[in-house]
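Encoded as structure tokens, the structure appears first; notes follow it.
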Amino acid sequence: MKFGIALPTVGPPGRRRYLLDVATAADRMGFDSVWVSSHVALPRTRQSTCLYPRAKTANAYNWGVAWLEPIAVMGVVAGVTERVRIGTHVMALPYRNPVILASELASLDQLSLGRTVLGAGIGWMDEEFRTVGVPRTQRGARTDEAIEVMRTLWAARHPTSFHGRFTDFDDMWLASRPHSRTGPPVYVGGNTDAALRRVARLGDGWLAHELYPDEITAARATLDRLTTEAGRDPAAVEITVRRALVPPFEVMDFMSDRVSITGTPEQVVEEIDAYRRAGVQLMVLDLSMRPAEIVETMEWLVKDVLVRL
């Protein structure tokens, strides 16, 4: 089982020194990957409901909260690390032109020597869709097509064509070339049945969010069936889950009502092992939002928790 770390890119922790501290520590300590979240615009008043209410991070979507842009973050992190994978968790594909995004990610993949991962989402905030000028009702179709467009451009060795609903071109060659032969892997985020169908058809991995082990087990049965029906091997899809974790030495008032993994090392091991038994291959951990404690928590995980697994 592998472990990833959510980078501090939202609110006051989203500063260069904290980002570099966490990214280089993850690289040094042997964590599999680091992940960056994404939003582009926040409304004064929000009516939309977050897709992941269990996470209880609604305050992060209030105007005035700063979010670092993921492509910029990934470039900085690629420059200060050597082995850790760098992914988005998740990026709303309907917001972005897929040809431009394919170019950006290809360059990141080239400069990171193949360590880039695209965590793809469909988006959920009505106000954000209106701001970027994309109908929310098209989000699923745009996401599917964007993945196909990018993979077509990454894999092509000669000028290629694509004729879709939203993207149309003839005999074009992507100027930025990825390090990986077929481009970065694409993991698909979401807990819904529609998300599982998208994973089954298009995903190299599934990014589950704030699901419990028994929920992972049930969803995996559905995903395996859908993947088989799509003519793919279920074993080719990496199963991941993102969970918040609070170490026993850190008490955080603003996270007191958040459903988090916490407790003694033995209790944390027991909960993580339940995910391993449910088939999770990668767990992405949201750690303390106080920057000074993030690296300390990572050290505690390596020393007292991960060695027991």
Side-chain angles (χ1 to χ4, degrees), residues 1-6 26 29-35 51-57 84-85 87 89-90 117 119-121 185-230 232-250 255 258-288 297-309:
M1 190 174 184
K2 300 176 293 186
F3 296 89
I5 300 295
M29 294 182 200
F31 284 92
D32 167 78
S33 46
V34 291
W35 300 82
L51 288 177
Y52 308 106
R54 185 178 288 169
K56 299 188 182 300
T57 53
V84 70
R85 294 194 297 164
H89 203 310
V90 293
V117 181
V186 179
Y187 288 24
V188 175
N191 300 338
T192 65
D193 288 344
L196 292 178
R197 289 192 293 272
R198 184 168 291 108
V199 175
R201 289 184 289 106
L202 300 171
D204 296 304
W206 172 37
L207 301 175
H209 192 69
E210 295 289 351
L211 291 183
Y212 300 143
D214 60 319
E215 294 171 320
I216 293 286
T217 299
R220 268 202 67 209
T222 299
L223 180 58
D224 287 353
R225 174 179 58 79
L226 292 170
T227 305
T228 300
E229 290 173 357
R232 303 178 62 211
D233 181 1
V237 178
E238 184 170 39
I239 307 299
T240 87
V241 67
R242 182 169 176 168
R243 285 293 312 273
L245 182 143
V246 178
F249 53 81
E250 179 69 7
M255 292 185 72
R258 183 170 182 172
V259 182
S260 305
I261 297 174
T262 192
T264 65
E266 293 79 9
Q267 290 170 323
V268 172
V269 166
E270 182 178 357
E271 186 159 359
I272 290 176
D273 196 52
Y275 281 101
R276 181 191 60 79
R277 296 193 302 270
V280 170
Q281 297 153 289
L282 167 66
M283 176 171 278
V284 178
L285 298 171
D286 274 312
L287 303 180
S288 162
T297 300
M298 293 165 64
E299 292 170 343
W300 172 79
L301 279 166
V302 171
K303 176 176 176 290
D304 293 342
V305 175
L306 302 189
V307 295
R308 301 169 187 256
L309 289 165

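- A salt bridge is defined here as a Lys NZ or Arg NE, NH1 or NH2 lying under 4.0 Å from an Asp or Glu carboxylate O, and R197 with D193 fails to meet this definition.
- When all heavy atoms of A26 and V34 are compared, the closest pair comes out as CB-CG1, 3.6 Å.
- Scanning all heavy atoms of the two residues, the minimum distance from V237 to Q281 falls at O-OE1, 3.7 Å.
- In this structure, I261 and M283 have side chains that are in contact, with non-hydrogen atoms separated by less than 4.5 Å.
- For the pair R276 and D273, the minimum side-chain heavy-atom distance is below 4.5 Å.
- Nearest heavy-atom pair across A120 and V186 is CB-CG1, 4.2 Å.
- Under the rule for a salt bridge (Lys or Arg N to Asp or Glu O under 4.0 Å), E270 has no partner lying at least two apart in sequence or in another chain.
- Ion pair R243/E210 flagged as a salt bridge, since at least one NZ, NE, NH1 or NH2 atom sits closer than 4.0 Å to an Asp/Glu carboxylate oxygen.
- When all heavy atoms of L287 and T297 are compared, the pair lying nearest together is CD2-CG2, 3.9 Å.
- Side-chain contact between V117 and S33 is absent, with no heavy atoms from C-beta onward closer than 4.5 Å.
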Below 3.5 Å, can you tabulate the donor-acceptor pairs from side chains in residues 298-309 to any protein atom, sequence neighbours excluded?
from	atom 1	to	atom 2	distance (Å)
W300	NE1	D304	OD2	3.4
R308	NE	D304	O	2.5
R308	NH1	E266	OE2	3.1

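- Taking the ring pair (Phe, Tyr, Trp, His ring centres under 6.0 Å) definition, one finds that W35 meets it with H89, sequence neighbours left out.
- The side chain to side chain donor-acceptor pair (under 3.5 Å) test applied to N191 returns no partner, not counting sequence neighbours.
- Among pairs with a residue in residues 217-228, those fulfilling side-chain hydrogen bond (donor to acceptor under 3.5 Å, both in side chains) read R225-E229, at least two apart in sequence or across chains.
- When all heavy atoms of D286 and A6 are compared, the pair lying nearest together is OD1-CB, 3.0 Å.
- Heavy atoms only, all atoms of each residue included: G190 and W206 are closest at O-NE1, 2.7 Å.
- With sequence neighbours excluded, the residues that form a salt bridge (Lys or Arg N to Asp or Glu O under 4.0 Å) with D204 are R151.
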